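One structure below.
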Amino acid sequence: MNRKIIIDTDPGQDDALALLLALSAPDCLEVCGVTTVAGNVPVDQTCINALRICQLAGRPEVPVFKGCPRPILRPLHTAEFICGADGLAGMALEAPRQGQQQAHAVAFLIDTLRHSDRPITLCALGPLTNIALALVQAPDISDKIEQCIIMGGARDLGNMTAAAEFNFFVDPHAASIVFASGVPIVLFPLNATYQAVATPARLAGFDRQASVSRQIVSMLRRERPGGAALGGDDGHPMHDACVIAYLLWPELFEGRDCNVEIEIAEGTTVGRSTIDWWGRSSAKPNAHVVATLNADAMFERMAGAVRALDQNGGKPGDMN
Ligand code: RIB
Ligand code: CA
C-alpha cells in the first residue's frame, strides 16, 4: 500500500526537486495535495510555482492550495536573494494551465486529515505556519498524522542568521507549536541537508535529453548567489529533497531521537533550534533528528526516479 502524503511547501528550487521526486513515485507515494506557504517568495508566487511544477511533472490533477501569506506573529522575510525573483531561477516553466483550489490550505489540511481512511504523512518544506495553524484550530488531527517530516533548523550555524535556519527563522512561533504538539517528527536540520549538495558530479547522472531532468540540471547549475558564504559553492544544497528521499530510501539516512526547542524570543537567536544531540537535558525527545546521509546514492536514485517523469509523459516546460 502506498503512503499518503501532503506536501507543505514554499517553492524554491529545492522544494521543486522534492515535489518532482514525490510526483515521480505514485506507486510509493500518494500525493493527496500540495499546500503552499509564504517563505522563499510570497505565497501568491509559491502557489503558482507549485502549479507549474505539477504541470512539468505531468501531474496537473494534483490539487494545489494557497496557504498563509505571512508568519503567525513575525513580519514575513523572503529569500529572493537566493532563489531569484520568482523563486525558481534557472527553470523556465510555462504558466500553469490548471488553477489553484478554492479552499484555504489550512482548511484542506484539517478536512483531509479528518476524513482520511488512514493516517497521512506531512512533508514540511517551508515555514510551518499552515501546519501550526491547522493543529491549533483542530488538535484532533494530530491522531491522523502518521509523521511530520520537516526540513528546518540547524544543530550548529543557521543560514538566515548565525543562529537560525530560514524556515524556523521566518516563523519560529509556528515551529514551536509543531514541536510541542506531540506529533511524530523527523527533522532534517542544515547540518544534514548541507551534505546534499548538487555538485557537477552528482548532476551528471541526470539525463539532459529528458525535459524534466534538463530543467532540474538547468536550475541547479545556475550561479549560486552567496557562494561560499552559504555552505560552499560546489553547488546548490538540496535541503528539501532530503525529506522525500527519506520516504523513498530511509536506509540512506541516520539520526537519533532528541529534544528540540525553538527560540521565540526576539533577539539575535530568534528562530534558533536547540537540538539536544547529547541528551544533556531531562526533556523528553520530541523528534528523530537526521545527522548523516549517503548523498551520492541519494542523487543517483533521484536521477533515476525523475527519469520516470519523462518516460511517463512529463509535460516539457518552455525552455527559453
Ligand atoms: O533553509 C533552507 C530551507 O528554507 C529550504 O526549505 C528552502 O527551500 C527554504 O524554504
Ligand atoms: Ca523550502
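Ligands are counted one by one from 1 in listed order, and the atoms in each one are counted from 1 as well. All heavy atoms count here, side chains included; hydrogens, waters and symmetry mates do not. No experiment lies behind these values; they were computed from the predicted model shown.
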Opening angle between OD1 in Asp10 and OD2 in Asp240, taken at the Ca ion (ligand 2), to 10 degrees | 150°
Short side-chain to backbone donor-acceptor contact, Arg301 and Asp296, under 3.5 Å | no
In terms of side-chain heavy atoms, does Asp10 have a donor or acceptor partner in Thr46 at a distance below 3.5 Å?
-> no
If we number the atoms of ligand 1 from 1 as shown, the ones under 4.0 Å from a heavy atom of Phe166 are 1 (O), 4 (O), 9 (C), 10 (O)
Below 4.5 Å, heavy atoms only, C-beta onward: do Met302 and Ile244 meet side chain to side chain?
-> no
Nearest heavy-atom contact between Arg74 and Phe169 is NH1-O, 3.3 Å
Honestly, for Leu125 the part within reach of ligand 1 (heavy atoms, under 4.0 Å) is backbone
Counting from 1 in the order shown, the ligand 1 atoms closer than 4.0 Å to a non-hydrogen atom of Asp15 are 8 (O)
For atom 9 (C) of ligand 1, state which one of Asn40, Thr9, Asn159 supplies the nearest heavy atom.
-> Asn40
Looking only at protein heavy atoms, which one is nearest to atom 1 (O) of ligand 1, and how far off is it?
-> Glu165 OE2, 2.6 Å
In terms of heavy-atom contacts, Arg114 and Ala138 come closest through NH2-CB, 3.4 Å
Is the distance between the Ca ion (ligand 2) and the nearest N/O/S atom of Leu125 smaller than 3.0 Å?
-> yes
Closest protein heavy atom to atom 6 (O) of ligand 1, given as residue, atom name and distance to 0.1 Å | Asp240 OD1, 2.6 Å
Could you walk me through whether Asp310 and Arg214 pass the salt bridge (charged side-chain N to carboxylate O under 4.0 Å, His left out) test, one step at a time?
-> CA-CA 10 Å; Asp310 287 292; Arg214 192 167 58 244; over 6 Å; no
heavy-atom search around atom 8 (O) of ligand 1 in the protein gives Asp14 OD1, 2.7 Å
Between Asn259 and Ser281, a side-chain donor and acceptor under 3.5 Å | no
Pull out every atom of ligand 1 sitting under 4.0 Å from any heavy atom of Met151, numbered as shown with elements.
-> 2 (C), 3 (C), 5 (C), 6 (O)
Heavy-atom donor-acceptor pair, Asn167 side chain to Met151 backbone, under 3.5 Å | yes
Below 4.0 angstrom from a heavy atom of Asn167, which ligand 1 atoms are there? Numbered from 1 as shown, please.
-> 3 (C), 4 (O), 5 (C), 6 (O), 9 (C), 10 (O)
